[in-house]
Amino acid sequence: MTELSRRIDQSIRTIPNFPKEGIQFKDITPLFLDYRLCNDITHFLAEQAAGKVDVVCGVESRGFLFGATIAQQLQLPFVLIRKSGKLPGDTEKIDYELEYGSSAIEVHKGFIQPGQRVLIHDDLLATGGTAAATASLIEKCGAIPAQFSFIIELAFLAGRKNLEKFPAEIITAVSYS
Ligand code: AMP
């Protein structure tokens with residue numbers, strides 16, 4: 001573990017059986033009580049993406065928190081990826097399968113340009129389903145998923161497997177095996 005991953009590990013909480021029985025929920029809200037730690041997380045993830053991406057996408061909703069600060073740090077555009085029905089303008093949309101049922105995510109049309117290299121950021125990598133759907137949406141816009149970044153990886157769920165088909169590296173600040 002790096003010093004940064006140790007500090008993140010000490011800050012976040014694991015809440016058992018939230019939002020349903022059997023889930024060990026990683027609560028990142030305590031990170032935001034420590035502005036120095038937030039600053040260091042932003043710097044670390046921005047450094048990993050510097051020169052490799054043209055735009056940053058944050059995945060609803062906790063991916064907005066650091067996605068926006070990483071984009072500011074890199075002086076790049078920030079684009080919101082939202083659940084279906086939340087964005088007011090015309091959108092590109094993609095449907096994807098969940099463990100039970102299906103879901104859809106959207107992005108405002110024209111906010112991602114064909115050929116752009118995209119950083120896809122979310123707070124946590126679990127099965128990789130959300131990140132894979134986001135990358136497919138980016139490809140539907142004609143752009144390139146160039147990097148995935150997460151604060152937390154639940155490595156025992158092997159979410160990386162789901163992301164192998166994309167030409168993107170995967171950066172995580174702290175990983176649990
Ligand atoms: P997945 O699509 O399975 O990789 O799930 C990733 C998304 O679900 C992220 O947006 C996470 O915020 C959320 N998520 C999944 N599992 C957890 C967990 N154990 N603790 C906190 N958030 C989670």
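Nothing here was measured: the structure is a model prediction, and the numbers come from that model. The residues of the chain are indexed from 1 along the displayed sequence.
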Would you say I171 and L163 are hydrophobically clustered, going by side-chain heavy atoms of ILVMFWY under 4.5 Å? no
Closest heavy-atom pair and its distance - V53, A146: CG1-CB, 4.2 Å
So, the side chain of R117 versus the backbone of G51: is there a donor-acceptor pair under 3.5 Å, distance only? yes
Of all the heavy-atom pairs spanning C57 and I138, show the shortest one and how long it is. SG-CD1, 3.8 Å
At what distance, to the nearest 0.5 angstrom, does CG of L119 lie from CG of L45? 8.0 Å
According to a 4.5 Å side-chain heavy-atom criterion applied to Ile, Leu, Val, Met, Phe, Trp and Tyr, with indirect links allowed, do L154 and M1 form part of one hydrophobic cluster? yes
Closest approach of L31 and C38, non-hydrogen atoms and distance? O-SG, 3.2 Å
What class does the angle between the rings of F150 and F148 fall in, given that below 30° is parallel, 30 to 60° is tilted and above 60° is perpendicular? parallel
Answer yes or no: does atom CD of Q24 have more than 12 heavy-atom neighbours from other residues, nucleotides or ligands under 6.0 Å? yes
Evaluation steps, side-chain contact (heavy atoms from CB on, under 4.5 Å), between V55 and L76: CA-CA 6 Å; V55 56; L76 289 176; 5.8 Å; no
Might you work through the side-chain contact (heavy atoms from CB on, under 4.5 Å) test for K26 and T14, ending with a clear yes or no? CA-CA 5 Å; K26 297 290 184 193; T14 303; 3.0 Å; yes
Pairwise distance OG(S5) to CD1(I151) - rounded to 0.5 angstrom: 12.0 Å
Supply the atom-to-atom distance F78 CZ to T69 OG1, rounded to the nearest 0.5 angstrom. 8.5 Å
What about I112 and L87, same hydrophobic cluster or not, with Ile/Leu/Val/Met/Phe/Trp/Tyr joined at side-chain heavy-atom distances under 4.5 Å? no
For K109 and G89, indicate whether the former's side chain and the latter's backbone hold a donor-acceptor pair under 3.5 Å. no
Flag the pair R13 and D27 as a salt bridge only when some basic side-chain nitrogen lies within less than 4.0 angstrom of an acidic carboxylate oxygen. yes
d(Q10 CD, R7 CZ) to nearest 0.5 Å is 9.5 Å
Just grab all the ring-ring contact (aromatic ring centres under 6.0 Å, His included) pairs involving residues 7-46, residues at least two apart or on different chains. F18-F25, F32-F66
State, with a plain yes or no, whether a side-chain heavy atom of V107 is found less than 4.5 Å away from one of C141. yes
Between the CD1 atom in I41 and the OG atom in S149, the distance rounded to the nearest 0.5 Å is 11.0 Å
For atom NZ of K140, is the number of surrounding heavy atoms from other residues, nucleotides or ligands below 6.0 Å larger than 12? yes
Of D40, T2, I28, V174, the one forming a side chain to side chain contact (heavy atoms under 4.5 Å, CB included) with I8 is V174
Presence of salt bridge, R6 and E3, under 4.0 angstrom: no
Donor-acceptor check, side chain of K165 to backbone of N162, threshold 3.5 angstrom: yes or no? yes
Check step by step if side-chain contact (heavy atoms from CB on, under 4.5 Å) holds for L98 and S103. CA-CA 7 Å; L98 295 170; S103 189; 3.8 Å; yes
Less than 4.5 Å apart, any side-chain heavy atom of I105 and any of T134? yes
Indicate the atoms forming the closest heavy-atom contact of P145 with F166, along with that distance. CG-CD2, 4.1 Å
Where P77 and A71 come nearest, the two heavy atoms and their spacing: O-CB, 4.0 Å
Is there side-chain contact between L4 and L37, with at least one heavy-atom pair below 4.5 Å? yes
Tell me whether I144 shares a hydrophobic cluster with I94, the cluster being built from Ile, Leu, Val, Met, Phe, Trp, Tyr side chains joined at under 4.5 Å. no
For I152, which of D9, I12, L125, T172 qualifies under side chain to side chain contact (heavy atoms under 4.5 Å, CB included)? I12
First locate atom CZ of F64, then atom CD1 of I81, and finally report the distance between them rounded to the nearest 0.5 Å. 8.0 Å
Would a single hydrophobic cluster contain both L137 and I170, if residues Ile, Leu, Val, Met, Phe, Trp and Tyr are joined by side-chain heavy-atom contacts under 4.5 Å? yes
Minimal non-hydrogen separation, Q116 against Q113, with atom names: OE1-N, 2.9 Å
Let me know which of Q48, H121, E169 forms a side chain to side chain donor-acceptor pair (under 3.5 Å) with Q147. E169
